[in-house]
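Have a look at the structure below, then the notes.
What you see is a predicted model, and the numbers here were worked out from it, not measured in a lab. Below, each value reflects all heavy atoms present in this structure, side chains not excepted, and no hydrogens, waters or symmetry copies.
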Amino acid sequence: MGGSWWDFIAGELRQARVQAGLSQEDLARRINYSASHVSGVETGQRPPKADYLAAMDQALDTGGMFGRLLRHASLVQGAPPWMRAWIDDERAASLLRWYEPAYVPGILQTEAYARMTLAESLLSAERIEQRVASRLGRQAILTREENPCQLVAVLDVMVLRRPLQGHAALMGEQLAHLVKIAALPHVQILVVPEEAGLYPALQGGFILASLSDGSVVAYLDQQVRAQVMHEAEDIAALQRHWEAVRGEALSRRQSLDLIKEAARSWI
């Protein structure tokens, strides 16, 4: 199976069985699987698939705990290795401030747009699908019922206008999706117009995540890999960049009008 998250889930499954006072054979009968299957999952020889975990949740009355663990593991395992530490911070954030000069932020991408951004990579088709699934799964923080994450995203206007040969319809759908998400009360999507010219932070995107304990963690994107930053000096510098770029952006209403106009241009 491989990977610490899968090992963790296997350990939790084994512990839950033991705490319930069940042998592997007892559990197998209760969830309608073979004892060898139960053993294989607990020893890491078989992947804990969704139907197996659903049966475990029902049999042991866990409140869906194992299903939630599987979804989180899928997010982490599907993401690039250097992003996995960030995903936990992102899920725990009460506020994300996201600046992006080149692409629609991953948290706002449609499935087709996400796949297109990875199409020219050197990844295998399987890895591309894993990363697309991980990216889309991470978007749940905006729509969860309890305490959805607040998002303020600032995009350079070229994100909306950059020509994509043969993908006009795709871009139209993506920008229509931005309009829809921007209607959420806890989401602001702002645009830096062409009139801003060269402005601070144009050289690269970054994200600032505000956590419940008052701390701020940053994610700095680069060509080959990304970096999660905790140092106070680095965070302070990025917050200054954020204030500068936020100051160049249009208002929420003006930005939405510009996004709608760009969406129509791709039809």
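Side chain to side chain, R135 and T117 meet the donor-acceptor criterion of an N or O pair below 3.5 Å. For the 3.5 Å distance criterion, the side chains of S251 and Q254 qualify, holding a donor opposite an acceptor.
Surrounding CD of Q58 are at most 12 heavy atoms belonging to other residues, nucleotides or ligands under 6.0 Å away. Within 6.0 Å of atom OH in Y199, more than 12 heavy atoms from other residues, nucleotides or ligands are found, so the atom counts as buried in its surroundings.
Note on E111 versus R115: salt bridge recorded, some NZ/NE/NH1/NH2 to OD/OE distance being below 4.0 Å.
Residues F206 and Y219 have side chains not in contact (no heavy-atom distance under 4.5 Å, counting atoms from C-beta outward). When side chains are defined from C-beta on, W98 does not count as touching V154, because their heavy atoms never get closer than 4.5 Å. Contact of the L96 side chain with the V152 side chain is not registered, since no non-hydrogen atoms from C-beta on lie closer than 4.5 Å.
A distance-only check finds a donor-acceptor pair linking the side chain of R162 to the backbone of A102 [under 3.5 Å]. Judged by distance alone, with hydrogens and angles left aside, the side-chain atoms of S39 form no donor-acceptor pair with the main-chain N or O of A35 at under 3.5 Å. Remark: side-chain polar atoms of Q174 are not paired, donor with acceptor, to backbone N or O of A112 under 3.5 angstrom.
To the nearest 0.5 Å, atom NE2 of residue H37 and atom CD of residue Q24 are 11.5 Å apart.
A side-chain contact (heavy atoms from CB on, under 4.5 Å) with V216 holds for exactly one of M229, H230, R97; it is R97.
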